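These notes concern the structure reproduced below.
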Amino acid sequence: MAFSQPLPKSLSPSRLADFQACPRRYQHASIERIPQPATYATAKGRFVHYVFENLFLLPADERTIERTREFVAPAIDTVLDEQVRSDLSLDEAMLEKMLGETHEIIDAYFAMEDPRAIASEGVELRLGVTVNDTRLFGILDRLDRDADGNLVIVDYKTGALPNRNFDSQTFANAELYALLCQAKLGETPSKIRLLYVSHGESVERNVTDVVIQARSNAATNAWKKIQRFYDDGDFPATPSTNSCRFCAFKDICRKNGVPVPFR
Ligand code: SF4
């Protein structure tokens with residue numbers, strides 16, 4: 001079956017993760033562009049990102065906890081639009097829960113770092129580069145400059161903490177952002193910081209050229225496969241407990257006879 005929709009022009013870290021988890025998910029999300037309804041978790045993630053993005057658009061000396069809380073009310077209108085409200089069946093109780101959890105996250109964040117002391121190079125940075133004929137594009141939460149003058153990639157996480165052994169996927173997206181920084185800005189970040197703001201904890205990893213090269217190779221190889229599957233008109237489904245658990249396309253897959261392991 002040939003696709004009537006065009007192949008996307010670029011590959012983002014999150015779409016690469018989709019493809020690596022299950023090529024069929026990439027097909028549904030990126031080729032067929034089947035809408036993925038918002039969930040409480042995705043809406044809360046966008047809500048919290050909105051607050052922290054606006055915090056770092058303030059001059060450094062104004063980044064207080066009081067100013068941060070001022071961005072919560074505007075986030076209601078900006079993030080929780082009609083579609084999201086409908087997807088969530090948002091009612092007063094759910095909104096109160098989200099607002100309460102957001103204020104707890106703000107408290108936890110301010111216990112982790114003082115944003116007035118952060119030298120931010122930018123937030124929501126849109127970086128696009130072509131590496132080995134593969135067009136990569138990503139939006140970076142935050143790029144800092146540390147006390148030694150090195151770039152640091154910062155990614156906010158509102159989900160669960162990774163386990164102690166951090167699997168290779170924990171830093172995968174951020175390592176691809178490091179490749180984007182290297183290729184676009186001509187400077188390699190020295191470190192990645194993942195801020196698990198719901199838990200007030202961060203995990204860090206140094207960036208090495210070996211890792212960047214490995215991520216570059218993985219993205220290039222994935223893009224070649226994507227082009228091949230697109231030409232074939234079929235992206236194989238690779239159902240598994242991990243990949244299917246939070247996938248929005250379970251019902252479609254079941255209708256197509258894919259043995260999805262969740263009800
Ligand atoms: S439900 Fe499972 S098999 Fe189907 S697209 Fe999602 S991850 Fe792939």
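Predicted model, so just to flag it, every value in this text is computed and none were measured. Order of appearance sets the numbers: ligands from 1, and atoms from 1 within every ligand.
For the pair Arg142 and Phe52, the NZ or CZ position fails the cation-pi test of under 6.0 Å to the six-membered ring centre and within 45 degrees of the ring normal. Cation-pi geometry between Lys97 and Tyr40 is satisfied (NZ or CZ under 6.0 Å from the ring centre, within 45° of the ring normal).
Residues satisfying the side-chain contact (heavy atoms from CB on, under 4.5 Å) test with Val129, not counting sequence neighbours, are Val131, Leu136, Leu180, Ala183, Lys184.
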Practice item. I would like to know whether Val72 and Phe47 meet side-chain contact (heavy atoms from CB on, under 4.5 Å); could you show each step before the answer? Key: CA-CA 8 Å; Val72 174; Phe47 203 89; 4.0 Å; yes

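Side-chain contact check for Asp87 and Gln83: at least one donor-acceptor pair (N or O, by modelled atom type) lies under 3.5 Å. Gln227 and Asp231 form no side-chain donor-acceptor contact under 3.5 Å, judged by distance and modelled atom types alone.
Among protein atoms, those of element N, O or S found less than 2.8 Å away from atom 6 (Fe) of ligand 1 are Cys247 SG.
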